[in-house]
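Right, one structure below, let's go through it.
Being a predicted model, the structure only gives us computed values, none of them experimental. Note that the numbering runs from 1 along the sequence shown for the chain.
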Amino acid sequence: MSTTSKRNVIIIGNGMVGHHLVEQLVENGALSQMSVTVFGEERHRAYDRVHLSEYFKGRDAEALALCDGDYYASHGVTFNSSEAVVSIDRAAKTLATERGHYAYDQLVMATGSYPFVPPIPGNDREGCLVYRTLDDLDAIREAAQSAATGVVVGGGLLGLEAANALRGLSLETAVIEFAPRLMPMQVDSEGGELLREKIEALGVQVLTERATQRIEDGATSRHRMVFQDDKILETDLIVFSAGIRPRDQLARECGLEIGERGGVVINDQCQTSDPAILAIGEVALWNQSIFGLVAPGYQMAKTALSTLTGGDASFTGADMSTKLKLLGVDVGSIGDAHGNQNPGARMFRYLDPLTQIYRKMVVSSDGKKLLGAMLVGDNSVYDTLLQYYSNGIELPKEPASLILPQSDAAPALGPDALPKTAMICSCHNVTKASICTAIDAGASDLASVKGDTRASTGCGGCASLLKSVVDHELAARGVEVDKSICEHFQHTRQELYDIVRVEGIKTFSELIEKHGAPSTHHLGCDICKPAVGSILASCFNEPITDAAHIPLQDTNDTFMANMQKNGTYSVVPRIAGGEITPGKLVVLGQVAQKYGLYSKITGGQRIDLFGARLEDLPEIWGELIEAGFETGHAYGKSLRTVKSCVGSTWCRYGVQDSVGMAIKLENRYKGLRAPHKIKFGVSGCTRECAEAQSKDIGIIATENGWNLYVCGNGGMRPRHAELFATDLDDEALYRTIDRFLMFYVRTADRLQRTSVWRENLEGGLEYLKEVILDDRLGMGEELERQMQTVVDNYQCEWAGAISDPDKLKRFRSYVNDSRPDPSIIMTSERGQLRPA
């Protein structure tokens, strides 16, 4: 028992809601009154379940974590991971885990929910899994390695997320739903049918009105699923995602009041039937409702904070409106989307079977108020409709104009029309008034508003609306929203590109002399110099090692190698398409041995050699170039790699020569400088072994040619590439990529990946198709000519450097001393050298 004057507060559960309560306690200074202990059943600290599927796209547990590893300890909060609470003694005010007993003064249950597995005979067979935690996803990924097919039982939100994951693991995927349509809680029959069409078009089989009777051994696969009509489906892997149930077992066993269908009953202060115990999140039952979204859980956490600190805040329910993208398909649901909660309500529907867009509005009988809405295939009007609904704003004279195509639709609801009470970020309960207060207190840009209010740091669905509100409020206060690249140029990157192209400017000095900001020095800065250097290279492809261009480059481009943590550099020769001769492999080994370089095969199908000293780089590259290698541009904002599978040359599934195509593409675009790095992938069939759909440019072979995907991204913020064109022959593929890349180079912002550029591009993918495929702007041939100029002017930068004595003078650690850098110290590990 505690001997301090502080109250012992214990939080059971370290999910998003439990963690948010800790954040609230920290931010509101409540920890001065209490000693807080958190019990988490999982081995990981709290992570972002909203973006759980991104775990399959490259983000790991650390990237998904909601706080730094020392967050709890730094604030005096005790965090016990991998320690499940097994019982609660309400009379003694203690709880027990397998490791011991703990006393509490107040207890908060944030135990969340668990996935419901239908009581189907055979549901516990090996290869029958659930989709809920990171450990579940690890199990799915491991099982998928020995599987060719997968089935998801459940066609709701999480079911379609799980289906997307299986599809991303290259499994032939099917979804089974007991109801007559997918997502029955969010969409009606028309929306469900359209959703089904769009998902089936992606290659996912959809089976509705199917009840699985049993799961048994299959004849050709691991499992056979037998349905109510005795039809069968065989599969190697089954994922159950048929809904959730509140984790209320602890509450049941200690005698707290439980709802008829589960859930811990709470009042408006989030207190259970025992005032010393609170419940928040998906375990809590308020007014006969359980809320399965994160935003209501966050609101409960704030109410719990008030209760714990003697406040009078109340939880009064939450809006369950949602905006989703499932398997790349937009789905939106607002308020009474089905129109069955408001007798006398009127409905407007818009269905376009060609563009596959469905929109539905539910309005009051007098046509003045929006009661609900449903969107499938296009969420572009979601934010506008949500503000009409949330704030009770009177609808325009013709309400249907809000869901009609853009040419006929009413103008979007601007930030100025939103009342101060308008909810901008429901995750963190940030209103327009909160944003205005932050700006009045000194927040001068979007980043500072986010930092002050936490708006758009939850699910991120309000990002575009938040930006428009911030820009509007800044402008209303006379603050100009400056989009200049830096203080040396009163132009955006796109404007500078146009100036360089139109006037034929080929040096930074000429550009800043003619177009630099008034009264500024003409030296430039670390923002504008690399940006202009990239623009000049994109337009004219002159060697970046030329005397006029060297001052514009950062360290990596200056020395044409990536600097490592200990001051050494990496050597990355180009290995187009991952194809390399045995002779060249031998040379790489010999060079690595001679210069003591650490060798690693990368995910881009190249061999990186690390640990090269600056003064050794010219000699290393001299030997590599003599053997037929050239620079791999691993240091530049340029084309990095074109990853490929072995294609039809070797693979029994391949339908096209993916290696040959990868080599052609890499050799064509290897000299292109761009706003950011670019990666390609070429797969020889739909099994997608080259992971093309996670690349800026992804190409997948078909029987009739190539399907082109664009604007994908791996890394910290993964994004699936989108299908752009189908069944292209070789020449059409080159032409389309030429246009796409040059349009990106012309219009993207500095250091903007294609994925971010696409998300910010007005008009989205359809506009991009019109410009590139339909030549809407009449600039297709011009873009092709510009790309051909880049291709024709390609030079290996290292070949040029080692043949020029003046350029070689840069490769020494000290200007006045030819000796190597004595501070570089190496040690040995696993048979190779690494930084000490």
**OP:** Would you check if F348 and L402 make a side-chain contact, meaning some heavy-atom pair closer than 4.5 Å?
**Re:** no
*Is it true that atom CD of E41 has more than 12 heavy atoms of other residues, nucleotides or ligands lying nearer than 6.0 Å?*
no
* To do: Indicate yes or no: at least one non-hydrogen side-chain atom of V469 is less than 4.5 angstrom from one of L465.
  => yes
Counting only heavy atoms from other residues, nucleotides and ligands, does the tally under 6.0 Å from CE of M185 exceed 12? no
Taking every heavy atom of V152 against every heavy atom of S241, the minimum-distance pair comes out as CG1-CB, 4.2 Å
Within 45° cone of F116 ring axis and under 6.0 Å: R245 NZ or CZ: yes
Audit row: E27, R454, salt bridge (Lys or Arg N to Asp or Glu O under 4.0 Å) steps and yes/no: CA-CA 12 Å; E27 292 173 9; R454 302 193 67 189; 3.4 Å; yes
TODO: Let me see the working for F724 and L768 under side-chain contact (heavy atoms from CB on, under 4.5 Å), right down to the final yes or no.
DONE: CA-CA 9 Å; F724 193 69; L768 200 54; 4.0 Å; yes
Open item on the list: Taking A475's backbone N and O only, do any of them form a donor-acceptor pair with D471's side chain (distance below 3.5 Å, no angle check)?
Closed with: no
Shortest non-hydrogen pair, V470 vs V449, comes out as CG2-CG1, 3.9 Å
ask   = Should S273 and L256 count as side-chain neighbours, where that means a heavy-atom distance under 4.5 Å?
value = yes
- Would a 4.5 Å heavy-atom cut-off, applied to side chains only, mark H20 and H428 as touching? yes
For R210 and K231: C-alpha separation, side-chain torsions, deciding distance, then whether side-chain contact (heavy atoms from CB on, under 4.5 Å) applies.
CA-CA 9 Å; R210 293 292 175 93; K231 291 183 178 179; 3.9 Å; yes
- Answer yes or no: is there a donor N or O on one side and an acceptor on the other, between the side chain of E473 and the main chain of C436, under 3.5 Å? no
task: Could you tell me whether R346 atom CZ has more than 12 heavy atoms of other residues or ligands within 6.0 Å of it?
output: no
OH of Y55 to CG of L64, rounded to nearest 0.5 Å, is 8.5 Å
Test Y131 against L137 for side-chain contact (heavy atoms from CB on, under 4.5 Å), laying out the working first. CA-CA 6 Å; Y131 190 89; L137 268 60; 3.8 Å; yes
Nearest heavy-atom contact between V331 and N379 is O-ND2, 3.3 Å
- Query: So, S321 side chain and G335 main chain: donor-acceptor pair closer than 3.5 Å or not?
  - Reply: yes
Would a distance-only check, ignoring hydrogens and angles, find a side-chain to backbone donor-acceptor pair under 3.5 Å from R167 to V204?
no
Rounding to 0.5 Å, atoms OG1 (T309) and CD (Q106) come to a distance of 9.5 Å
What do the steps show when you test K360 against M347 for side-chain contact (heavy atoms from CB on, under 4.5 Å), and what is the final call?
CA-CA 7 Å; K360 171 184 174 182; M347 300 186 193; 3.6 Å; yes
When every non-hydrogen atom of L21 is compared with those of I11, the smallest separation belongs to CD2-CD1, 3.8 Å
Between R359 (side chain) and V381 (backbone), is there a donor-acceptor pair under 3.5 Å? no
Under 3.5 Å donor-acceptor, Q269 side chain and L278 backbone = no
field: Crowding at CG, D312 (>12 non-hydrogen neighbours, <6.0 Å)
entry: no
**Item:** Note, I140 side chain near L166 side chain (heavy atom, < 4.5 Å)
**Value:** yes
Is the number of heavy atoms from other residues, nucleotides or ligands within 6.0 Å of CZ (F178) greater than 12?
no
Notebook entry, point to check: Heavy-atom distance under 4.5 Å between the side chains of M16 and Y298, does that happen here?
Noted result: yes
D366 and K369 have their tightest heavy-atom pair at OD1-N, 4.3 Å
field: W286 and F291 aromatic ring geometry - parallel, tilted or perpendicular at 30°/60° bounds
entry: tilted
| S113 versus R132: any side-chain heavy-atom pair under 4.5 Å? | yes
So, S306 side chain and K302 main chain: donor-acceptor pair closer than 3.5 Å or not?
no
One should read off an interatomic distance between M423 CE and T431 OG1, to the nearest 0.5 angstrom, of 6.5 Å
Notebook entry, point to check: Would you find a donor on one side and an acceptor on the other, under 3.5 Å apart, between the side chain of N14 and the backbone of A46?
Noted result: yes
* Asked: Is N713 reaching over with its side chain to a backbone N or O of S755, donor-acceptor style, under 3.5 angstrom?
  -> no
Donor-acceptor contact present, side-chain D378 to main-chain S380, <3.5 Å: yes
Counting C-beta onward and ignoring hydrogens, is there a side-chain heavy-atom pair between R719 and E759 closer than 4.5 Å? yes
Donor + acceptor pair across side chains of T133, D136 (<3.5 Å): yes
Interatomic distance, CD@Q356 vs CD@E197, rounded to 0.5 Å, equals 5.5 Å
When rounded to the nearest 0.5 Å, the distance separating OG of S333 from NZ of K323 is 13.5 Å
Does the side chain of N287 pick up a donor-acceptor pair with the side chain of S289 at under 3.5 Å? no
Taking every heavy atom of F315 against every heavy atom of P296, the minimum-distance pair comes out as CE1-O, 3.8 Å
Can you see whether T173 engages Q205 through a side-chain donor-acceptor pair at a distance of less than 3.5 angstrom?
no
To the nearest 0.5 Å, atom CD of E161 lies from atom CG of L52 at 8.0 Å
